[in-house]
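Following: one structure in structure tokens, then a few remarks.
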Amino acid sequence: MSDHSFNSALAGEARGLLIDLGVDVGAFAAYGGMVVASPIDGGRLASLIPSEDVTIVATIARAQEAFEIWRRVPAPRRGELVRLLGQVLRENKTALGRLVTIEVGKIASEGLGEVQEMIDICDFAVGLSRQLHGLTMPSERADHRLIETWRPLGVVGVISAFNFPVAVWSWNAALALVCGDAVVWKPSEKAPLCALAVEALFRRAAARFGPEAPEGLVSVLIGGREAGEALVEDSRVALVSATGSTRMGRVVGEKLAHRFARAILELGGNNASIVTPSADLALTLRAVAFGAMGTAGQRCTTLRRLIVHESVYDALIGKLAGVYRSISVGDPTTSDALVGPLIDGGAYAAMQSALAAARSLGATVHGGERLEVNGPASFYVRPALVEMPSQRGPMVEETFAPILYVMRYRDLDQAIALHNGVPQGLSSSIFATDIREIERFLSEVGSDCGIVNVNMGTSGAEIGGAFGGEKETGGGRESGADAWKAYMRRQTSAVNFGRSLPLAQGVRFDV
């Protein structure tokens, strides 16, 4: 990355941040290679050299070697490395959060919030490093006992998407590291600078930790689909945690299953909220606004469907339409706008295609138009509120953009059927003060999603609870009380401390 590869104020700021965070910018390509652009103005931030096949193979080999060393370090000591990583992240929260804003267009509080999420999962993982416990079970055989022990798994591959360019890696890496694993990360080609910055910060933490942290314990692969495929297909990678589209997940899941590797798949979300007659509408309005428009609609947990009881529909949607008309949209580096840009022109085209499909089905569309901010290479839009006559067409698909489809319902059973009537099953919520409505939605006949919230939106998961969904969302779980088990292998041992040899199930074999 030479000076003339940064030809704008935004690119210059990104360069300065990378240097401050410890990245060797001189190792980047000035021209050619993989271009990294900022959605804020569409301008180029850098050009990177993608990892070649031989580099990928060597990186995974180093990770395997690192794992063989790291697995022998006591788990609480491994937790100390993660504690130091959390400390380094605290020290560099402002700079890394700003880089997140520049590279993917998040507003300032969301960029900082993502780094805080990294810090939180580090704290969580440090505690877990002293709780990686199995069970001691009674045996049916005299003078025997059964022991369940958890052992480090191996090399963990992480494939992350652009919308959470640093947090998703940390969910996996913090747990994998305390579990004794090495981590190889293939970030989105739309957000590789954040990954290089995190890798540099990890090296800083490892230096403080000392020589027990081997080279290759954490590494980054730069590239597109080919780099991800190489990670998925390498037999030395014991687990791949992949975040992305359902289409991507089908391919990744099949390839991992073919070689009997583990998968954590965080895929599509088409999340819905039900607004009941007993809902607090003022609270609902605020929660829906953030859930549907936060991160410019580019979260897997973004609220995309709102199912509203006919008795409160007009009152709520009238006010919500006013919020959509007045919400501030703009450059997150120079304004306090609440909605930043879409990631690129492809996202804008997908949004417009979905809105056109909705109109063809008789929908009434409020908003959705492109706004002139920072020139033709950036894509800022007015969030769209779409009143649908029925749940079909684009409403049953996930469009990664700020589109909120709304529908009326008459009774709760109908609302739950609509809620569950899509292929995805990530996050859900209900707005109600009637305990019967709430408990029905939380019951086995209610929401079929992995995340179910009450009187809040579908976004904003905390690291203390397992994150993930059902159906076409993939079924994987990250974070949460027992998520660490995915990064370890379970071993059951039977110990005979007697002088005889009784066999299980009363079998006799006398010789």
Legend entry - Salt-bridge criterion met for Glu91 and Arg208 (N-O under 4.0 Å): yes
Legend entry - Spacing of Thr243 atom OG1 and Ile159 atom CD1 [to the nearest 0.5 Å]: 9.0 Å
Inset, instruction - Using a strict 4.0 Å threshold on nitrogen-to-oxygen distance, state whether Glu80 and Arg83 make a salt bridge. - result: yes
Legend entry - Glu462 atom CD: more than 12 heavy-atom contacts under 6.0 Å: no
Inset, instruction - Nearest 0.5 Å please: distance from the CG atom of Leu21 over to the CD atom of Glu199. - result: 12.5 Å
Legend entry - Any donor-acceptor N/O pair, Thr433 side chain to Ser278 backbone, under 3.5 Å: yes
Inset, instruction - Verify whether one side chain among Ser273 and Ser429 offers a donor that lies under 3.5 Å from an acceptor in the other. - result: yes
Legend entry - Reported CZ-to-CG distance for the pair Phe431 and Leu316, which is rounded to 0.5 angstrom: 9.0 Å
Legend entry - Partner of Ser241 under side-chain contact (heavy atoms from CB on, under 4.5 Å), chosen from Leu265, Asn172, Leu175, Val183: Asn172
Inset, instruction - Please say whether more than 12 non-hydrogen atoms of neighbouring residues, nucleotides or ligands are located less than 6.0 Å from CZ in Arg90. - result: yes
Inset, instruction - Quick one: do Arg151 and Gln491 satisfy side-chain hydrogen bond (donor to acceptor under 3.5 Å, both in side chains)? Show the steps, please. - result: CA-CA 7 Å; Arg151 304 296 188 192; Gln491 186 178 76; 3.2 Å; yes
Legend entry - Student check: side-chain heavy atoms of Met248 and Leu267 closer than 4.5 Å: yes
Legend entry - Side-chain ion pair, Arg250 and Glu254, N-O less than 4.0 Å: no
Inset, instruction - May I ask you to decide whether Arg62 forms a salt bridge with Glu215, counting only side-chain N to carboxylate O separations under 4.0 Å? - result: no
Inset, instruction - State, to 0.1 Å, how close Gly223 and Glu189 come at their nearest heavy-atom pair, and which atoms those are. - result: O-CB, 3.8 Å
Legend entry - Gly43 backbone acceptor or donor facing Ser38 side chain under 3.5 Å: no
Inset, instruction - Working to the nearest 0.5 Å, report the span between CH2 of Trp484 and CG of Leu132. - result: 5.5 Å
Inset, instruction - Scan side-chain atoms only and decide if Thr246 and Gln424 contain a donor-acceptor pair under the 3.5 Å cut-off. - result: no
Legend entry - Minimum-distance pair of heavy atoms, taken over all atoms of Pro383 and Val329: CD-CG2, 4.0 Å
Inset, instruction - Carefully, step by step, assess Leu81 and Leu217 under the rule side-chain contact (heavy atoms from CB on, under 4.5 Å). - result: CA-CA 11 Å; Leu81 174 57; Leu217 187 57; 3.8 Å; yes
Legend entry - Test item: Val168 and Asn163 side chains (from C-beta on) under 4.5 Å apart, heavy atoms: no
Inset, instruction - For Glu114 and Val166, indicate whether the former's side chain and the latter's backbone hold a donor-acceptor pair under 3.5 Å. - result: yes
Legend entry - Quiz item: cation-pi between Arg72 and Phe67, 6.0 Å / 45°: no
Legend entry - Polar side-chain atom of Arg382 near backbone of Ile327 as donor-acceptor pair, under 3.5 Å: yes
Inset, instruction - Assess whether side-chain contact (heavy atoms from CB on, under 4.5 Å) is satisfied between Ile56 and Leu231, documenting all intermediate values. - result: CA-CA 8 Å; Ile56 295 171; Leu231 196 59; 5.9 Å; no
Legend entry - Asp336 atom CG, neighbour heavy-atom count above 12 within 6.0 Å: no
Legend entry - Main-chain N/O of Gly268 paired with Thr473 side-chain donor or acceptor, under 3.5 Å: yes
Inset, instruction - Measure the shortest side-chain to side-chain distance between Glu478 and Ile463 over non-hydrogen atoms and say whether it is less than 4.5 angstrom. - result: no
Inset, instruction - Looking only at non-hydrogen atoms, find the nearest pair between Val126 and Gly79 and report the distance. - result: CG2-O, 3.5 Å
Legend entry - Contact summary for Leu404 and Arg305, nearest pair of heavy atoms: CD1-N, 3.8 Å
Inset, instruction - Please tell me if the side chains of Val237 and Val156 come closer than 4.5 Å, counting only heavy atoms from C-beta onward. - result: no
Inset, instruction - Locate the shortest heavy-atom distance separating Ser447 from Asn420; write the atom from each residue and the value. - result: CA-OD1, 3.7 Å
Inset, instruction - Check the surroundings of atom NZ in Lys93: do more than 12 heavy atoms from other residues, nucleotides or ligands lie under 6.0 Å from it? - result: yes
Legend entry - Heavy-atom side-chain contact between Pro50 and Met34 under 4.5 Å: yes
Inset, instruction - Find out whether Val184 and Val158 are in side-chain contact, i.e. whether some heavy atom of one side chain is under 4.5 Å from a heavy atom of the other. - result: no
Inset, instruction - Ignoring hydrogens and angles, state whether a donor on the side chain of Glu148 or Thr492 is under 3.5 Å from an acceptor on the partner side chain. - result: no
Inset, instruction - Show the numbers, then the answer: is there a side-chain contact (heavy atoms from CB on, under 4.5 Å) between Leu89 and Leu201? - result: CA-CA 7 Å; Leu89 289 168; Leu201 292 177; 4.0 Å; yes
Inset, instruction - Using atom types as modelled and distance alone, determine if a side-chain donor or acceptor of Arg304 lies under 3.5 Å from a backbone N or O of Gly297. - result: yes
Inset, instruction - Look at the side chain of Arg477 and the backbone N and O of Gly469, then say whether any donor-acceptor pair between them is shorter than 3.5 Å. - result: yes
Inset, instruction - Quick one: pull up CD in Glu398 and OG1 in Thr302 and give me the separation to the nearest 0.5 Å. - result: 8.0 Å
Legend entry - Criterion side-chain hydrogen bond (donor to acceptor under 3.5 Å, both in side chains) against Ser160, the qualifying member of Trp171, Trp185, Trp169: Trp185
Inset, instruction - For the residue pair Ile264 and Val240, establish whether any side-chain heavy-atom pair is separated by less than 4.5 Å. - result: no
Legend entry - 4.5 Å side-chain heavy-atom contact, Val155 and Asp181: no
Inset, instruction - Would you check if the side chain of Thr55 reaches a backbone N or O of Ser51 as a donor-acceptor pair within less than 3.5 Å? - result: no
Legend entry - side-chain contact (heavy atoms from CB on, under 4.5 Å) partner of Asn374, chosen from Thr333, Asp41, Leu10: Asp41
Inset, instruction - For side-chain contact (heavy atoms from CB on, under 4.5 Å), just list the numbers for Val381 and Leu342, CA-CA rounded to whole Å, side-chain angles, deciding distance to a tenth of an Å, and then say yes or no. - result: CA-CA 8 Å; Val381 294; Leu342 296 175; 4.0 Å; yes
Legend entry - Ion pair Asp20/Arg98, N-O distance below 4.0 Å: no
Legend entry - Distance, nearest 0.5 Å, that separates OH of Tyr380 from OH of Tyr348: 14.5 Å
Inset, instruction - Please check if atom CZ in Arg77 has more than 12 non-hydrogen atoms from other residues, nucleotides or ligands closer than 6.0 Å. - result: yes
Inset, instruction - For Thr284 and Ala279, work out which heavy atoms get closest and say how close. - result: OG1-CB, 3.9 Å
Inset, instruction - Please check if the side chain of Ser335 supplies one atom and the backbone of Ala337 the other of a donor-acceptor pair under 3.5 Å. - result: yes
Legend entry - Polar contact flag, side-chain donor to acceptor under 3.5 angstrom, Ser427-Thr301: no
Legend entry - Ser459 side-chain N/O to Leu303 backbone N/O, donor-acceptor pair under 3.5 Å: no
Legend entry - Pi-cation contact, Tyr324 with Lys319 (under 6.0 Å, within 45°): no
